[in-house]
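To start, the structure itself, in C-alpha cells.
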Amino acid sequence: AEDEVALFEKDMKEFWIQFKISYGSEQNNQTSALRDLCKETIEALSEKWSKKLKEEDLMIDKIQEYNNEILQQSKYVAEKEEQLTEIKSKLNQEEEEQKNLTDSVEELKEELMKKMEIKSSKNKAAKEKVEQVSKIKTLFKEHLGLEMRRIHDEQLQFIFRHIDHKEPDKPYMCTLSINEQGDYEVTSCTPPLDCIAELQLKLRETNNFSAFVANIRKAFTALSYK
C-alpha cells in the first residue's frame, strides 16, 4: 500500500511538472488544450489505478481461494489423522486380543500336556497293575489252584483246587456278589461251610478281600480232612 501511495505521488508530481512546462512555454495556448491534457492525464491515471484495483481484487480472490483450499486440506488431514488414530487403536486392541489368545492357547497346551502326562502315568501304573494281577492270578492258578471268574449278574466266583490231597483237581467253589445295600454277600458255597456267615460278616467289617479268600481256602482245606 505504501508503494502504491508513493507511485501515485510520483505520477502527480510528473503531472504538475508537465503542467508547469506547458504553462511556462505556452502561456498563450488555449484553455481547451490545457483541459484536454488534464483530462487525458486524469483518464490515464484512472485507467491505471482501475487496472491496479482489479488486479488487487483478483489477487484478494486468489488469496481467499488459496485460504479455502488450505482450510479444506486441513480438514482432510484432520479427518485422516482421526481415522489413522482409530486404526492404530483397533490394531493395538487386536494385538492385545491376539496376545491374550496366544497366552490362552499356551495355557491350554500346558494343561493338556500335564493331563497327558498324568494319563500316561496312570496308564502305565494301570498296565503294571494289570500285569501284576495277571501274574498273581497265574501264580494262584498254577501253584495254589485258585481261579477267579466273573459270572452272570456281576457275580465273582472263586474256584479252589489242590485242596483235597486225594483229589487235587476237585473244585471247591464260593460265589460272591454285592447286594442292593452295597454289602458283600456270599450267594453260594460248594461244599457248604458252617463258618461262611462269620467270614462274610468279617469281610463286610474289614473289607479285606485277600484275607477273606485265604480264610475260605483254610476252611475248605479243614473240611477236606473230615
Review point. Which one of Lys54, Glu55, Glu47 satisfies the side-chain contact (heavy atoms from CB on, under 4.5 Å) criterion with Lys51?
Key: Glu55
Check your understanding: Quick one: CG on Leu199 to NZ on Lys202, what's the gap to the nearest 0.5 Å?
Key -> 8.0 Å
**Study point:** Between OG on residue Ser188 and CD on residue Gln155, distance to nearest 0.5 Å
**Key:** 7.0 Å
Review point. So, does Thr102 use its side chain to make a donor-acceptor pair with the main chain of Gln98 at under 3.5 Å?
Key: yes
Practice item. Measure the shortest side-chain to side-chain distance between Ile163 and Lys170 over non-hydrogen atoms and say whether it is less than 4.5 angstrom. Key: no
Practice item. Would you kindly confirm whether Met173 and Phe212 end up in one hydrophobic cluster when ILVMFWY residues are joined by side chain heavy atoms under 4.5 Å apart? Key: no
Check your understanding: CD1/Ile60 to CG/Asn67 distance, rounded to the nearest 0.5 angstrom?
Key -> 11.5 Å
Exercise for review: Identify whether Val213 and Leu201 are in the same connected component of the hydrophobic contact network (ILVMFWY, side-chain heavy atoms under 4.5 Å).
Suggested key: no
Exercise for review: Starting from the C-alpha separation in whole Å, work towards a yes-or-no answer on side chain to side chain contact (heavy atoms under 4.5 Å, CB included) for Asn215 and Leu203.
Suggested key: CA-CA 10 Å; Asn215 289 330; Leu203 174 60; over 6 Å; no
**Study point:** CG-CE distance between Leu112 and Met116, expressed to the nearest 0.5 angstrom
**Key:** 6.0 Å
Check your understanding: Hey, are Glu111 and Lys115 close enough for a salt bridge, meaning a charged N less than 4.0 Å from a carboxylate O?
Key -> yes
Review point. Should Tyr184 and Phe158 be regarded as members of a common hydrophobic cluster, given that ILVMFWY residues are connected when their side-chain heavy atoms come within less than 4.5 Å of each other, either directly or indirectly?
Key: yes
**Study point:** Value rounded to 0.5 Å, distance of CD in Glu106 from NZ in Lys109
**Key:** 4.5 Å
Exercise for review: Evaluate the side chain to side chain contact (heavy atoms under 4.5 Å, CB included) criterion for residues Ile216 and Tyr172: first the C-alpha distance (whole Å), next the side-chain angles of each, then the deciding distance (0.1 Å), finally the verdict.
Suggested key: CA-CA 10 Å; Ile216 289 288; Tyr172 289 72; over 6 Å; no
Check your understanding: Is it true that Leu193 and Phe209 fall in one hydrophobic cluster, defined by side-chain heavy atoms closer than 4.5 Å?
Key -> yes
Check your understanding: With hydrophobic residues grouped by side-chain heavy-atom distances under 4.5 Å, do Met148 and Ile151 end up in a single group?
Key -> no
**Study point:** Residue Asp194 excluded, over 12 heavy atoms near CG under 6.0 Å
**Key:** no
Point to revise | Flag side-chain contact, heavy atom, 4.5 Å: Leu223 against Pro191 | key: yes
Check your understanding: Under the side chain to side chain contact (heavy atoms under 4.5 Å, CB included) criterion, do Ile196 and Gln200 qualify, and how do the steps go?
Key -> CA-CA 6 Å; Ile196 194 64; Gln200 175 181 274; 5.5 Å; no
Practice item. Might you work through the side chain to side chain contact (heavy atoms under 4.5 Å, CB included) test for Arg149 and Ile159, ending with a clear yes or no? Key: CA-CA 8 Å; Arg149 294 178 183 175; Ile159 303 174; 3.5 Å; yes
Exercise for review: To the nearest 0.5 angstrom, please state how far the CG atom of Asn92 sits from the NZ atom of Lys99.
Suggested key: 13.5 Å
Check your understanding: Does the pair Lys75/Glu79 count as a salt bridge with the N-to-O cut at 4.0 Å?
Key -> no
Review point. Is a side-chain N or O of Arg161 found less than 3.5 angstrom from the main chain of Pro168, in a donor-acceptor match?
Key: no
